[in-house]
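All chains are named by letter (A, B, ...) in the order of the sequence lines, taking the proteins before the strands, and each is independently numbered beginning at 1. Note that these values count all heavy atoms, side chains included, but never hydrogens, waters or copies made by symmetry.
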Number of protein chains: 2
Amino acid sequence: MPMVRNTKQRQAVLEVLRGARTHPDAAWIHGEVRRALPNISLGTVYRTLDALARDGVIMTIESAGQATRYDYKHDGHAHHHAVCRGCGAIFDIDAALIAPPPAPSLPVGFQVMDVRLEYHGICPACASQKH
Amino acid sequence: MPMVRNTKQRQAVLEVLRGARTHPDAAWIHGEVRRALPNISLGTVYRTLDALARDGVIMTIESAGQATRYDYKHDGHAHHHAVCRGCGAIFDIDAALIAPPPAPSLPVGFQVMDVRLEYHGICPACASQKH
DNA sequence: ATAGCTGCAAAACGTTTGCACTAGT
DNA sequence: ACTAGTGCAAACGTTTTGCAGCTAT
């Protein structure tokens with residue numbers, strides 16, 4: 001198995017993600033990390049985010065037709081998301097308010113790494129500007 | 001409000017989607033629809049899928065780094081998905097086996113159009129070829 | 001008649017990758 | 001020293017879009 005190195009790029013990306021109050025995409029993260037490491041490349045940001053997601057440190061949120069958003073898993077405090085179909089805004093929902101999903105009939109041998117519950121719809125802001 | 005036309009392109013795309021036993025992407029759908037309408041363009045397929053998704057007739061499944069998959073909502077027979085992180089394969093899960101999600105603390109005024117529950121992980125095939 | 005819809009092709013977009021080099025272990 | 005990680009830039013695959021012509025209403 002591969003050894004994982006603790007580079008400043010990885011630290012910086014994680015730091016930005018941990019401090020983010022939103023659910024940023026790779027480009028935004030790149031811009032923020034640049035303030036600490038001006039020469040970091042977007043490619044490295046993607047590679048780092050990929051690794052962090054595979055390690056389960058962060059999670060990804062894919063919205064149709066929009067850039068993938070990334071979400072730091074704060075101290076195992078699980079939460080789900082409400083995704084606006086109009087503007088792509090993402091709202092956090094405390095998982096504690098939702099009953100834990102029961103074990104369903106998954107394919108035999110399927111190893112679950114992540115359960116995600118998403119409410120898709122229209123946020124108030126987008127609903128009001130509709131005609 | 002915009003009028004929706006019942007073109008043969010739209011009919012054909014819907015027909016293919018209804019008969020699909022898998023969760024195809026736009027390119028596959030395009031190939032299939034071509035058998036009925038050889039001149040239909042990929043752009044039209046995308047525009048049609050977009051409209052159908054907005055109407056709630058079909059749903060989209062976004063996997064990280066892979067093409068968006070489309071899923072016809074058969075007669076309101078709701079189901080959820082298990083998505084393989086390795087190969088992108090999607091397995092259906094009967095929603096009847098899962099407790100109905102309780103009303104959570106959504107943003108005030110948020111109109112829910114779709115609730116999706118996804119189990120992300122590794123399918124048996126991908127797990128066996130790992131070392 | 002009049003918009004909506006289409007085909008085409010080009011472009012935009014997010015993301016990945018090959019390479020030579022750097023740096024963590 | 002060894003090799004994972006990096007910066008750069010080019011390439012990739014998916015999706016969108018401008019436009020002129022077509023077609024359902």
Side-chain angles (χ1 to χ4, degrees), chain A residues 1-17 23-55 57-71 85-88 90 131, chain B residues 1-17 23-55 57-70 85-88 90:
Chain A
M1 51 188 51
M3 158 209 297
V4 179
R5 290 187 186 171
N6 192 19
T7 64
K8 39 192 158 193
Q9 287 86 351
R10 175 175 291 239
Q11 289 172 2
V13 168
L14 199 51
E15 187 62 31
V16 166
L17 224 27
H23 302 85
D25 60 16
W28 186 90
I29 295 166
H30 183 217
E32 285 298 301
V33 176
R34 251 190 215 273
R35 306 203 302 193
L37 303 173
N39 288 327
I40 191 173
S41 71
L42 184 54
T44 293
V45 171
Y46 271 109
R47 278 183 287 228
T48 304
L49 290 171
D50 218 48
L52 290 171
R54 225 188 315 276
D55 291 351
V57 178
I58 64 176
M59 79 173 285
T60 62
I61 311 170
E62 292 92 17
S63 311
Q66 301 186 24
T68 299
R69 314 290 207 90
Y70 299 87
D71 191 15
R85 215 173 257 186
C87 62
I90 297 170
H131 11 245
Chain B
M1 49 188 54
M3 159 209 297
V4 179
R5 289 189 189 172
N6 192 18
T7 64
K8 40 192 158 195
Q9 286 86 351
R10 176 175 289 238
Q11 289 172 2
V13 168
L14 199 49
E15 188 62 31
V16 165
L17 224 27
H23 302 85
D25 60 16
W28 186 91
I29 295 167
H30 183 217
E32 284 298 301
V33 176
R34 249 189 216 274
R35 306 203 303 192
L37 303 173
N39 288 327
I40 191 172
S41 71
L42 184 55
T44 294
V45 171
Y46 271 109
R47 278 183 286 228
T48 303
L49 291 170
D50 217 49
L52 290 172
R54 225 188 314 276
D55 290 353
V57 179
I58 64 176
M59 78 173 286
T60 61
I61 312 169
E62 293 90 18
S63 311
Q66 301 186 24
T68 300
R69 314 289 207 91
Y70 299 87
R85 216 173 257 187
C87 61
I90 297 169

Please answer whether the main-chain N or O of [Y] pairs with a side-chain N or O of [X] as donor and acceptor at a distance below 3.5 Å.
X       : Y       : value
A:Arg69 : A:His23 : yes
A:His30 : A:Thr44 : no
B:Arg85 : A:Arg54 : no

(request) Kindly compute the distance separating CG (A:Asp25) from CD1 (A:Ile61), expressed to the nearest 0.5 Å. (result) 11.0 Å
(message) Within this structure, what is the CD1-OG1 distance for the pair A:Ile29 and A:Thr48, rounded to the nearest 0.5 Å?
(response) 10.0 Å
Whole angstrom value for the distance that separates [atom2] of [N] from [atom1] of [X]:
X       : N      : atom1 : atom2 : value
A:Gln9  : C:dT22 : CD    : P     : 14 Å
A:Arg10 : C:dG24 : CZ    : C1'   : 12 Å
B:His30 : D:dT15 : NE2   : P     : 14 Å
A:Glu62 : D:dT15 : CD    : C1'   : 16 Å
B:Asp50 : C:dT6  : CG    : C1'   : 16 Å
B:Ile40 : C:dC8  : CD1   : P     : 10 Å

(request) Please determine which of A:Val33, A:Leu37, A:Leu14 meets the side chain to side chain contact (heavy atoms under 4.5 Å, CB included) test together with A:Gln9. (result) A:Leu37
(message) Could you report the tightest heavy-atom contact between A:Ala26 and A:Leu42, atom names first, then the distance?
(response) O-CD1, 4.0 Å
(message) With each end axis built from five pairs of C1' atoms, what bend angle do you get for the helix from C:dA1-D:dT25 to C:dT25-D:dA1? Round to 10°.
(response) 50°
(request) Please tell me which of B:Asp25 and A:Ser41 maps to the more 5' nucleotide of DNA chain D, matching each residue to the nucleotide holding its nearest heavy atom. (result) A:Ser41
(request) Would you please confirm or rule out a distance under 4.0 Å between OP1 or OP2 of C:dC13 and any side-chain N or O of A:Gln66? (result) no
(message) C:dT16, OP1 or OP2 - any side-chain N/O from A:Tyr46 closer than 4.0 Å?
(response) no
(message) The side chain of B:Ala67 is closest to which nucleotide in this list: D:dT15, C:dG7, D:dG7?
(response) D:dT15
(message) If you only use heavy atoms from C-beta on, which nucleotide in C:dT15, D:dT15, C:dG7 is closest to the side chain of B:Leu42?
(response) D:dT15
(request) Answer yes or no: is there a side-chain heavy-atom contact under 4.5 Å between A:Leu17 and A:Leu49? (result) yes
(message) For a 4.5 angstrom cut-off between non-hydrogen side-chain atoms, does A:Thr60 reach A:Tyr70?
(response) yes
Taking only N/O atoms, report every protein-nucleotides 20-25 of chain D pair under 3.5 Å with atom names and distance.
from: D:dT23; atom 1: O2; to: B:Arg5; atom 2: NH1; distance (Å): 3.0

(message) Reading DNA chain C from 5' onward, which residue's closest nucleotide shows up sooner: B:Ala64 or B:Arg34?
(response) B:Arg34
(message) Using a distance-only criterion (donor-acceptor N/O pair, under 3.5 Å, no hydrogens), is the base of C:dG4 paired with the side chain of B:Arg47?
(response) no
